[in-house]
Amino acid sequence: MITAKEYVATVFETVKKENQHEIEFLQAVEEVFASLVPVFEKYPQYIEENLLERLVEPERIVSFRVPWVDDQGKVWVNRGYRVQFSSALGPYKGGLRFHSSVNQSIVKFLGFEQIFKNSLTGQPIGGGKGGANFDPKGKSDREVMRFTQSFMTELQKHIGPDLDVPAGDIGVGGREIGYLFGQYKRLRGFENSVLTGKGLTYGGSLARKEATGYGVVYFAQQMLAARGENLVGKTAIVSGSGNVAIYAVEKLQALGARVLAVSDSSGYVYDDNGIDLELLKRIKEVERGRIRAYLKDRPTAIFKTADQDHIWSIKADLAFPCATQNELDEEAAKTLVANGVLAVIEGANMPSTLKAIDYFQKADVLFGPAKAANAGGVAVSALEMAQNSSRLSWSFEEVDRKLYEIMAGIYEKSASAAKEFGQEGNLVFGANIAGFLKVAQAMSDQGIV
Ligand code: GLU
C-alpha cells in the first residue's frame, strides 16, 4: 500500500511532467500539495479514489481567438481563455484577467487557487478563471469596448448563471464588466447573474467593489487579535494601487492604521503623512493615470521608480502585497523581516514566492495566505448572485456585515484545521487543508467523475 507521502509526491511528479512549462501553475500546486500529506494519512480512501490527480486536471479549458479593431482601423488579435477547473461545489466561479502576461499557466494557477478560496468562503461555488493577453492600459474606452465585445462573443458560448459566472480581476473592473454584460445580453438575453461585479444600476451588489480590500483587512484583524494585537496606530505598506489595494487602504485607515506607501508597475509613492486616499482614487479610478501623478498634489511625498527601489524596503508593521503574483521574493522577505515586520497579509493572488513564505514562517512573522485573506471579493460575488436570484438588493451595511462574518469564518476554519492537523498557527497549511477537505468530500460523494 502506497503511503500518503508517496502518493502526493507521485501525483506531483505526474503534474510536473504533464505541465512542464507552466511555472506559475506548478508553483500553486506545489504550495497546496505540501500541506496535504496528513489529510491523505487521515483519509486513505481518497488515495484509492485517486482524488488528487483528478482534482489537479481542469474539467475543461477553452482557448479562443479575439480579433478587434483599434481607433485607427488596425486589426489586432489576442488570445482569450476560460479555465473551468472544478464544479465539485457549484458553478465555476472566478474572475477574468486582462493583462499582457496572461497565458495558460497564469489562468490555470489562478483557477486552481480559486477552487480552495471559493471552498473556504463556505458558499456553493466551484473554481474557474479566465482572461486574455490584452492590456487595457493606454487603450481608449471604445477600444476596450470593441475588445470586450469580441471576447464575450466567444465566451458566451461557455458560461451561464448556473454554469460558469465570471467577474473581474486585474485589468477587468466596472467598465469592462459593463461592456461584457451588455454584449452577453445582446446575444443571450438578460440573465442577471451571469457576471458579478456589475454596476449598481443593473444588478450589482453594494460593497462588491470594496469587498476584496475590506476582506483582506478583516482577515488581518483576526490574525492580529489572535496575538492580542490590533490595527490602531500600526504602519502599513500596500503594494499595488488597483481595486484591491485602494479598498485595503480605505479600510486600514478607517480602522486606525497609517498607510505609508502604495505602488504600481512603474514604482512606489511614499507619504509619511499617510496616503491621501481621495487623491489615490482620483488618479487610479478617474484619470486611470500612473502613481507618479500623486506628487503633483503632494510634493512632499517621495516617488521611487521600480528600478531604483522596491516598496518592501520601507519599514512598517504590516505588509499587504496587493499587486500581482510573485511580487514578493525571498530577498524582499529578508528585508521586511530585518525591518521588524509583524504580519504579511496577501491581497493579490500568490504574491509571495514559496521561498518568501518559508522565510516568513521561519522568522515567526504572521502570514495570511491569499486564498484565505483575499476571498472577500469572490464571497461578495456569491452574495451578488444570491441577490440576483432573489431579485432583492441588500444595503451596504448588510453586505459588509456578511463579508465580515465570512472572513472571520475563513480565519477560524484555517486556524482550526492548522491546529487539528498538527501545525498550529500555520495559516498556509490550515487554509489549504480546510479548503481541500470540502472539495474532496464533495468529489468523493459524487463518484468518479
Ligand atoms: N478575481 C477575484 C479573485 O481572485 C474575484 C473573483 C470573483 O468575484 O468571481 O478571487
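In what follows, every heavy atom counts, from backbone to side chain, and hydrogens, waters and symmetry copies are set aside. Please read all numbers here as calculations on a predicted model, not as lab measurements. Atoms within each ligand, like the ligands themselves, are counted from 1 in listed order.
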Which of the listed options, A379, G168, A167, holds the heavy atom that is closest to atom 2 (C) of ligand 1?
G168
Heavy-atom proximity to atom 5 (C) of ligand 1 ranks first, among R208, K129, R97, for R208
Out of all atoms in ligand 1, which are within 4.0 Å of some heavy atom of [X]? Include the element for each.
X    : result
K117 : 3 (C), 4 (O), 10 (O)
S381 : 7 (C), 8 (O), 9 (O)
G94  : 9 (O)

What distance separates I275 CD1 from L260 CG, expressed to the nearest 0.5 Å?
8.0 Å
Starting at CG of L51, measure out to OH of Y43 and round the result to the nearest 0.5 Å.
12.5 Å
Tell me, do L328 and F360 make a side-chain contact under 4.5 Å, heavy atoms counted?
yes
Beyond-backbone contact of M385 with K93, side-chain heavy atoms, under 4.5 angstrom
yes
Within the structure, is a non-hydrogen atom of P166 found at a distance of less than 4.0 Å from ligand 1?
no
Relative to each other, are the rings of W68 and F134 parallel, tilted or perpendicular (30° and 60° limits)?
perpendicular
May I ask you to identify, for N349, whether its side chain, its backbone, both or neither come under 4.0 Å of ligand 1 on a heavy-atom basis?
side chain
For atom 9 (O) of ligand 1, closest protein heavy-atom neighbour:
K93 NZ, 2.7 Å
re atom 6 (C) of ligand 1, the protein heavy-atom contact at minimum distance is G95 N, 3.6 Å
Less than 6.0 angstrom separating the ring centers of F151 and Y81, yes or no?
no
Test R146 against Q149 for side-chain hydrogen bond (donor to acceptor under 3.5 Å, both in side chains), laying out the working first.
CA-CA 5 Å; R146 286 193 293 273; Q149 288 176 340; over 6 Å; no
